Amino acid sequence: MTDTFKKYLMADNSARIQAVRLESSWQTGLAHQPYPECIRSLLGELAAAAVLLATNIKFHGSVVLQLQGDGPVSLIVVECTSELTFRATVNLRDPDLVPADGSLQSLLNANGSGRFMVLLDPGPGSDMAPYQGIVPMEGDTVAQVLEAYMRNSEQLDTRLWLAADGQRACGLLLQRLPDIGGIMTDDGHGRAGSVQGADAASRAESWNRITQLASTLAVTELLETDIDTLIRRLFWQETLAELESRSLCWYCPCSRTRVANMLRMLGREEIESLLEEREKVAVSCNFCGKPYEFDAVDCAGLFVENLDDSNSRTLH
């Protein structure tokens, strides 16, 4: 199984092409989160999209994408760091209200007040301020929501193809680059300026051509085809420069030490009261769902051991 991101540039610098394929990392993320198929697909598509966007940030931090819903799903959130580690989760109002054929709009925007949020978090110690953008949930798919956001907020022509199931989450992104480039003067010195005339028309033609080619991509093809084969199949007539190839992994900072510290904060009396009701204290990470159990012996040790995980970063 592979977990790969690749980035390409058109020979005329008209557009960048990015592709991501999550397999083992995606299955790790789903291991403790038994979501219905329709929600799992939405979460996987958002995860693939977060990776595609995180590869373009110019700081050490993370991209957080959130779908805030007013239907059976209250929240879908994915975080991807600049190191391409990611995690993802879903909050449901009532699992019994999730229809088998639920769509983005019926699950998250049933009453028209759903929102899509992008957070760029530079992380602790950075001089940069976090950026947050919130827009209405426009579109029938995650790809359409993101395209509308990029078009309205970032003013970048962006096309996305996303797909996910229980085995993998995949995405393809095309982004048109501004018609700004280096123009050579008569004395041989370069200066910045707008691409004019035939060059601008040629770049526009290139963009239209590659978006039409990518539009032939089927969901099953995106899920079942490795990135190298997919790019060759779609853009075999294009001259592309491969700019970047990176691996990815699932990462949630929850740990047994963190949970132990949380239980210790409840106090000995509260823990002993919980043990009187049950044989073990069971806690699951509220982000990735990973379970942790503490029996009577473990709980007794909470108040004699010095567990310190205070330097770890968490969104819990």
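Treat the numbers as computed from the prediction; the structure is a model and nothing was measured. Only heavy atoms go into these numbers, but all of them, side chains included; no hydrogens, no water, no symmetry mates.
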(request) Answer whether the closest heavy-atom distance between the side chains of E242 and K6 falls below 4.5 Å. (result) yes
(message) If the threshold is 4.0 Å, N to carboxylate O, is there a salt bridge linking R168 and E224?
(response) no
(request) Indicate, with yes or no, if the rings of F86 and Y251 have centres closer together than 6.0 Å. (result) no
(message) Can you tell whether the side chains of E23 and R21 come within less than 4.0 Å, N to carboxylate O?
(response) yes
(message) If we count only N and O atoms by modelled type, under 3.5 Å, do the side chains of S202 and D199 hold a donor and an acceptor together?
(response) no
(request) Give a yes or no on whether the backbone of A88 and the side-chain of Q33 come within a donor-acceptor separation of less than 3.5 Å. (result) yes
(request) Check whether the side chains of Q175 and T158 place a donor and an acceptor atom closer than 3.5 Å, and report yes or no. (result) yes
(message) Which heavy atom of T211 sits nearest to which heavy atom of N208, and what is that distance?
(response) OG1-O, 2.9 Å
(request) Find out whether L119 and M117 are in side-chain contact, i.e. whether some heavy atom of one side chain is under 4.5 Å from a heavy atom of the other. (result) yes
(message) Main chain of L65, side chain of E79: is a donor-acceptor contact present, judged purely on distance under 3.5 Å?
(response) no
(message) Determine whether a donor-acceptor pair (N or O, by modelled atom type, separation under 3.5 Å) exists between the side chain of R264 and the backbone of L302.
(response) yes
(message) Please check: side-chain N/O of W207 versus main-chain N/O of D157, any donor-acceptor pairing under 3.5 Å?
(response) no
(request) Scan side-chain atoms only and decide if T225 and T229 contain a donor-acceptor pair under the 3.5 Å cut-off. (result) no
(message) Do D12 and S14 pair up side chain to side chain, a donor and an acceptor below 3.5 Å, judged on atom types alone?
(response) yes
(message) Checking side-chain polar atoms at under 3.5 Å, does N261 have a donor or acceptor matched by the opposite partner on R258?
(response) no
(request) Measure from the side-chain N and O atoms of S41 to the backbone N and O of A164, and report whether any donor-acceptor pair falls under 3.5 Å. (result) yes
(request) Grab the two heavy atoms, one from N13 and one from L177, that are nearest each other, plus how far apart they are. (result) O-CD1, 3.4 Å
(request) Examine M262 and F303 and state if one hydrophobic cluster contains both, with Ile, Leu, Val, Met, Phe, Trp and Tyr joined whenever side-chain heavy atoms are less than 4.5 Å apart. (result) yes
(request) Ignoring hydrogens and angles, tell me if any N or O in the side chain of D3 forms a donor-acceptor pair with the backbone of S247 under 3.5 Å. (result) no
(request) Is it possible for you to say whether L75 and V142 belong to one hydrophobic cluster, with membership spreading through side-chain heavy-atom contacts below 4.5 Å? (result) no
(request) For L275 and D295, work out which heavy atoms get closest and say how close. (result) CD2-C, 4.4 Å
(request) Decide whether F116 and V90 are clustered together by the hydrophobic rule: side chain heavy atoms of Ile, Leu, Val, Met, Phe, Trp, Tyr closer than 4.5 Å, transitively. (result) yes
(message) Contact between C288 and W250 at the side-chain level, heavy atoms closer than 4.5 Å - yes or no?
(response) yes
(request) Apply side-chain contact (heavy atoms from CB on, under 4.5 Å) to V78 and V64, showing your working. (result) CA-CA 6 Å; V78 177; V64 179; over 6 Å; no
(request) Could you tell me whether a side-chain N or O of Y292 sits under 3.5 Å from a main-chain N or O of V259, the two making a donor and an acceptor? (result) no
(message) Which residues pass the ring-ring contact (aromatic ring centres under 6.0 Å, His included) test with W161, not counting sequence neighbours?
(response) none
(message) Under 4.5 Å between side-chain heavy atoms, counting indirect links through other Ile/Leu/Val/Met/Phe/Trp/Tyr residues: same cluster for L162 and I231 or not?
(response) no
(request) Give the minimum heavy-atom separation between A169 and G44, together with the two atoms involved. (result) CB-O, 3.5 Å
(request) Spell out, as yes or no, whether a donor-acceptor pair under 3.5 Å connects the side chain of Q27 to the backbone of Q167. (result) yes
(request) For E205, look at atom CD and say whether over 12 heavy atoms of other residues, nucleotides or ligands are found less than 6.0 Å away. (result) no
(request) Could you please spell out the steps behind the side-chain contact (heavy atoms from CB on, under 4.5 Å) verdict for L248 and T85? (result) CA-CA 6 Å; L248 308 99; T85 63; over 6 Å; no
(request) Decide whether S113 and D70 meet the rule of one side-chain donor and one side-chain acceptor closer than 3.5 Å. (result) yes
(request) Say whether, by atom type as modelled, one donor and one acceptor occur between the side chain of R93 and the main chain of G71 under 3.5 angstrom. (result) yes
(message) With rounding to the nearest 0.5 angstrom, report the NE2 to OG distance, H32 to S284.
(response) 9.0 Å
(message) Within the 4.5 Å heavy-atom criterion, are D101 and C38 side-chain neighbours or not?
(response) no
(message) Could you check whether any side-chain heavy atom of L9 comes within less than 4.5 Å of a side-chain heavy atom of L240, counting everything from C-beta outward?
(response) no
(request) Please report the closest heavy-atom contact between V145 and G139, naming both atoms and the distance. (result) CG2-O, 4.2 Å
(message) So, taking the atom named NE2 in H60 and the one named CE in M128, what distance separates them when rounded to the nearest 0.5 Å?
(response) 12.5 Å
(message) Against L104, only a single residue in L42, N109, L46 fulfils side-chain contact (heavy atoms from CB on, under 4.5 Å); can you say which?
(response) L42
(message) Working note: V77 + R87, criterion side-chain contact (heavy atoms from CB on, under 4.5 Å); need CA distance, chi angles, decisive distance, verdict.
(response) CA-CA 9 Å; V77 57; R87 56 178 177 155; over 6 Å; no
(message) Please determine whether a side-chain nitrogen of the Lys or Arg among K280 and D298 lies less than 4.0 Å from a carboxylate oxygen of the Asp or Glu.
(response) no
(request) May I ask you to check whether S103 and S106 show a side-chain donor-acceptor distance below 3.5 Å? (result) yes
(message) Same cluster or not: L67 versus L30, using hydrophobic residues (I, L, V, M, F, W, Y) connected whenever any side-chain heavy atoms lie under 4.5 Å apart?
(response) yes
(message) If I take atom CG from residue N286 and atom OG1 from residue T89, how far apart are they, to the nearest 0.5 angstrom?
(response) 7.5 Å
(request) Just do the side-chain contact (heavy atoms from CB on, under 4.5 Å) check on R40 and E45 with the steps written out, would you? (result) CA-CA 9 Å; R40 184 184 61 203; E45 290 173 11; over 6 Å; no
(request) Starting at CG of L52, measure out to SG of C80 and round the result to the nearest 0.5 Å. (result) 9.0 Å
(message) I want to check something: taking the side chain as every heavy atom from C-beta on, are E221 and R233 in contact at a cut-off of under 4.5 Å?
(response) yes
(request) Working to the nearest 0.5 Å, report the span between OG of S62 and CD1 of I57. (result) 7.0 Å
(request) Give, for atom OH of Y131 and atom CG of L120, the distance between the pair rounded to the nearest 0.5 Å. (result) 7.0 Å
(request) With sequence neighbours excluded, tell me which residues meet side chain to side chain contact (heavy atoms under 4.5 Å, CB included) with A204. (result) R176
(message) A quick test of your reading: do over 12 heavy atoms of other residues, nucleotides or ligands sit less than 6.0 Å from CD of E277?
(response) yes
(message) Show the nearest heavy-atom pair for residues W26 and A47, with the distance to one decimal.
(response) CZ3-CB, 4.3 Å
(message) Check R268 with E270, please: is the shortest side-chain N to carboxylate O separation under 4.0 Å?
(response) no
(message) Within the 4.5 Å heavy-atom criterion, are V283 and P291 side-chain neighbours or not?
(response) no
(request) Check K7, R246, E244, Q18 against T55 for a side-chain hydrogen bond (donor to acceptor under 3.5 Å, both in side chains) and give me the one that passes. (result) Q18
(message) If you define the side chain from C-beta out and look only at heavy atoms, does anything of C252 sit under 4.5 Å from K290?
(response) no
(message) Ignoring hydrogens and geometry beyond distance, is a side-chain donor-acceptor pair present between Q68 and S74 at under 3.5 Å?
(response) no
